[in-house]
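Values in this document were obtained by computation on a predicted structure and should not be read as measured data.
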Amino acid sequence: MKYFQGDRSPNDAQRRAEGCSTAWLHHKGRNRHHLEYWIDYDPAGTGSLIGNEMPVKYVAEMFCDRLAASRVYLKEAYTDSSAWEYYQHGRDHYILHPNTRALLERMLLLVRNEGEDKAFAIIRREILGR
């Protein structure tokens with residue numbers, strides 16, 4: 001709450017003020033819908049960090065989290081393209097398993113191209129099997 005700004009994540013403000021965001025470290029380490037939860041060293045011994053494949057339910061939660069954050073931070077400026085556009089800005093530095101990346105992108109593009117109602121129906125039926 002100390003770093004709440006209302007139009008973006010408070011984590012960046014805490015990083016600037018304190019050198020790291022302890023709130024973010026706590027949150028992403030306990031919530032499996034964050035891609036950072038799934039990052040580990042390559043078991044092949046390369047020393048590189050890799051994204052492990054996320055279970056579908058957590059990819060769906062990550063997708064919802066991104067939509068919600070876009071709505072909260074953009075307020076009236078939010079469109080069905082907002083979450084996709086935000087993702088595109090950081091896409092190149094995200095450490096994601098290829099299957100996880102493809103699934104997240106599919107969901108974000110569904111909202112951008114079809115609208116939320118149709119996208120959620122497709123996700124429930126075709127991705128989550130509900």
Side-chain angles (χ1 to χ4, degrees):
M1 288 189 52
K2 180 178 178 180
Y3 294 102
F4 178 76
Q5 298 140 57
D7 62 347
R8 60 193 169 108
S9 171
N11 297 325
D12 289 333
Q14 185 182 24
R15 279 186 204 99
R16 282 193 297 280
E18 300 180 17
C20 75
S21 174
T22 54
W24 171 245
L25 293 173
H26 176 84
H27 180 75
K28 62 102 176 169
R30 286 158 183 80
N31 291 281
R32 294 177 182 182
H33 68 274
H34 288 287
L35 64 95
E36 295 85 358
Y37 182 95
W38 300 93
I39 295 173
D40 200 354
Y41 287 98
D42 185 352
T46 65
S48 297
L49 292 172
I50 62 158
N52 289 285
E53 188 168 3
M54 293 173 64
V56 172
K57 74 177 188 174
Y58 296 124
V59 180
E61 287 179 17
M62 177 170 51
F63 160 76
C64 290
D65 194 44
R66 288 170 176 273
L67 286 184
S70 294
R71 281 186 174 280
V72 167
Y73 299 138
L74 294 175
K75 297 176 179 48
E76 295 81 27
Y78 173 83
T79 69
D80 286 334
S81 296
S82 296
W84 171 256
E85 291 166 1
Y86 182 80
Y87 170 79
Q88 284 294 96
H89 290 297
R91 183 184 190 280
D92 292 338
H93 75 264
Y94 295 146
I95 301 173
L96 282 165
H97 186 278
N99 295 340
T100 299
R101 181 180 300 279
L103 182 56
L104 176 62
E105 289 179 2
R106 179 179 175 203
M107 289 188 232
L108 292 170
L109 285 170
L110 277 170
V111 170
R112 185 192 77 178
N113 298 336
E114 305 293 338
E116 277 190 28
D117 290 341
K118 189 168 183 181
F120 278 114
I122 293 168
I123 290 166
R124 277 189 212 100
R125 184 180 63 249
E126 296 178 16
I127 297 173
L128 297 173
R130 296 181 186 161

Please report the C-alpha distance between Leu35 and Thr100 in whole Å, then the side-chain angles of each, then the deciding distance to 0.1 Å, and finally whether the side-chain contact (heavy atoms from CB on, under 4.5 Å) criterion is met.
-> CA-CA 9 Å; Leu35 64 95; Thr100 299; over 6 Å; no
Evaluate the criterion side-chain contact (heavy atoms from CB on, under 4.5 Å) for residue pair Ile123 and Met107; output intermediate values, then yes/no.
-> CA-CA 7 Å; Ile123 290 166; Met107 289 188 232; 3.7 Å; yes
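For the side chain to side chain donor-acceptor pair (under 3.5 Å) test, no residue two or more places apart in sequence or in another chain qualifies with Arg124. Taking the ring-ring contact (aromatic ring centres under 6.0 Å, His included) definition, one finds that His34 meets it with Trp24, His27, sequence neighbours left out. Applying the side chain to side chain donor-acceptor pair (under 3.5 Å) test to Asn11 and every residue at least two apart in sequence or in another chain returns Ser9, Ser21. With sequence neighbours left out, the side chain to side chain donor-acceptor pair (under 3.5 Å) criterion links Ser81 to no other residue. Listed by chain and residue number, Glu114, Ile122 satisfy the side chain to side chain contact (heavy atoms under 4.5 Å, CB included) test with Lys118 (two or more places apart in sequence, or in another chain). The side chain to side chain donor-acceptor pair (under 3.5 Å) check on Arg101 picks up Tyr87, with sequence neighbours excluded.
Looking at Leu128 and Val56, their side chains come closer than 4.5 Å, going by heavy atoms from C-beta outward. With contacts defined as side-chain heavy-atom distances shorter than 4.5 Å, the pair Phe120/Leu67 qualifies. Side-chain contact between Phe63 and Leu108 is present, with at least one heavy-atom pair separated by less than 4.5 Å.
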Side chains of residues 88-96: which donor-acceptor pairs under 3.5 Å do they make with residues two or more places apart or in other chains?
unit_1	atom_1	unit_2	atom_2	d
Arg91	NE	Glu105	OE2	2.6
Arg91	NH2	Glu105	OE2	2.9
His93	ND1	Gly90	O	3.0

Return all side-chain donor-acceptor pairs below 3.5 angstrom for residues 44-54, not counting sequence neighbours, or 'none' if the list is empty.
unit_1	atom_1	unit_2	atom_2	d
Thr46	OG1	Asp42	OD2	3.1
Thr46	OG1	Ser48	N	3.1
Thr46	OG1	Ser48	OG	3.4
Asn52	ND2	Trp38	O	2.9
Glu53	OE1	Asn99	ND2	3.4
Glu53	OE2	Asn99	ND2	3.4

Side-chain donor-acceptor distances from residues 68-78 under 3.5 Å, at least two apart:
unit_1	atom_1	unit_2	atom_2	d
Ser70	OG	Arg66	O	3.0
Arg71	NE	Glu116	OE2	3.3
Arg71	NH2	Glu116	OE1	3.4
Arg71	NH2	Glu116	OE2	2.8
Lys75	NZ	Gly6	O	2.6
Lys75	NZ	Val72	O	3.3
Tyr78	OH	Glu116	OE2	2.8

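Counting all heavy atoms, side chain and backbone alike, Leu104 lies closest to Val59 at N-CG1, 3.9 Å.
Pairs passing the salt bridge (charged side-chain N to carboxylate O under 4.0 Å, His left out) check and including a residue from residues 18-38, sequence neighbours excluded, do not occur.
Both Tyr37 and Tyr41 are members of a single hydrophobic cluster when ILVMFWY side chains are connected at heavy-atom separations under 4.5 Å.
Distance check, rounded to the nearest 0.5 Å: NE2 of His26 to CG of Asn31 gives 8.0 Å.
No donor-acceptor pair under 3.5 Å is formed between the side chain of Asp65 and the backbone N or O of Glu61.
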